[in-house]
Amino acid sequence: MTTAKDIIAYLNNPTEADRALIEKAYSTAEKAHKGHTRYSGEPYMIHVAAVALRLSEMGMGPRTIAAALLHDTIEDTDVTAEDIKREFGEEILFLVEGVTKLSSVRYYGSDRHNESLRKLFVATSQDIRVLLIKLVDRLHNMMTLEHVPKEKRLRIARETLEIYVPVAHRLGMGRDRKELEDLAFPYVYPEEYKKVKELLKKKIGKYEERLERERKALQKRLAEAGIRDFSTSYRVKGLYSLFQKLKRKEWDIDQVYDLLALRVVVPNMEDCYKVLGLIHDIWRPLPNRVKDYIAFPKPNGYKSIHTTVATGSGDILEIQIRTNKMHHEAEYGIASHIIYKDETTGQTMNRSETWFAHLIPSLFRPFAWKDTKKKIEGVTKDKPHRDKIPLWINQIGEMYAETDSSGAEFVEDMQKDFFKHRIFVFTPNGDVVDLPLGASPIDFAYAIHSEVGNHISGVKVNSKLVSLDTELRNGDIVEVETKKSAKPTRKWIDIAHTTMAKRHIRNALEKEK
Ligand code: MN
């Protein structure tokens, strides 16, 4: 099993306090989960340690890792919020509670509200670190999905594709996204999965040897040209991503040119263009296949040069050229922008300092880590590097406008303080209803259907009977009872917030007369 030592090994210059924090979180989690097992029968601690290890590999800081170790304690063990606050301080409690809260955002199998759900998911997380822990948590759960009872698998796998994958994609986290997709694919589309797998196998055959030969040829040419400090690797296209492409190309696999890709990673940008020239010198490039995502990055920040060539052995090969930094960003996305400095804590951390707060100001309520001083003194601060605020975050909206309208709306909504003005509530079966801030159960009822609105007899919010003028809050579960004889009154117009509800009420009152 992954030990605290394994996790600490990835930390960048950890202080004594950093080590102590992770060891303490590790042993607290180990004690709390003692005797608990996963569906696989393995000790529960395996899951928690795996999540922490992955975050550590990604370069996250000690607090995030400590929170990852504790992420299932409040929900599943006797450890309470007070315990965590006392032992680890408010900031880590905030992260653990954030992850716990995110578990309530669930996909219930209706496609209608997926975009709302993604927004709710991001909004609920409040802090990018919460989102990262949750994504990695899901990744590990997907890796062990085969042990989960059959009836639960499909829901979890669909939720992964509908909520987690798009979020990972928009955060530029290419590695997690690919893994999540390919883990969920066989559960959600078993027939298509088999078909895609067969097609790919038939098309590329035993590619390893050929690719290895081509890689060597390229290495030789680069070395001859005096480029020495580079690395090469190759990848096979992910099955789910191939499935998406095949659907657009009428299932003609010959139309897909990036089944196999050779990757060249060099120290700086000039080398990228030099390498492109050398590649075109040894292999014939296919026309119109050179894509310069360095000059024109993708909406989620992805940078690389792509070209497609026909090699001597007859392979059609995509080649991706990028710098080390671009490579790291392509794999880790937003996580690669959270950089930790050796900084002793002590002062109150101001949450508005985080660049994510600049992006979505309304997600961040003023919050002071009152007791952090005492509890985690000397622990390296998980502080995003000011200079590294990724510009692309601000550009996402603009660029999506050209390529992907749902993406544009997503980011624009965020930028326009969307969450300041909207709330998300649930029907008893889990559908999300998106309402303006200050909305009442009357607005909710009319949002469902005018007939529901016109016959409200009573309302329950979170299973409690409430009056019609109750202000709804984010995450409330609202249940409307109707009676044929119940009718709107004049007072309802004042209580209602949405124009739609007001209009329906007026119409109903008119008819009464
Ligand atoms: Mn978990």
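Order of appearance sets the numbers: ligands from 1, and atoms from 1 within every ligand. Since the model is a prediction, treat every value here as computed from it, not as a measurement. Values below: every heavy atom of this structure, side chains too, minus hydrogens, waters and symmetry copies.
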Which residues satisfy the salt bridge (Lys or Arg N to Asp or Glu O under 4.0 Å) test with Lys24, sequence neighbours excluded?
-> Glu87
Within 6.0 angstrom of Lys247 NZ, more than 12 heavy atoms from elsewhere = yes
With a 4.0 Å cut-off, would you call Arg155 and Glu159 a salt bridge?
-> yes
Counting no waters, how many protein N/O/S atoms sit under 2.8 Å from the Mn ion (ligand 1)?
-> 4
With Lys249, which residues qualify under side-chain contact (heavy atoms from CB on, under 4.5 Å), at least two apart?
-> Lys245, Gln255
List for me each residue that meets ring pair (Phe, Tyr, Trp, His ring centres under 6.0 Å) alongside Tyr10, sequence neighbours excluded, and say none if there are none.
-> none
Passes salt bridge (charged side-chain N to carboxylate O under 4.0 Å, His left out), Glu329 versus Lys325? Steps please.
-> CA-CA 6 Å; Glu329 286 173 6; Lys325 186 165 172 280; 3.1 Å; yes
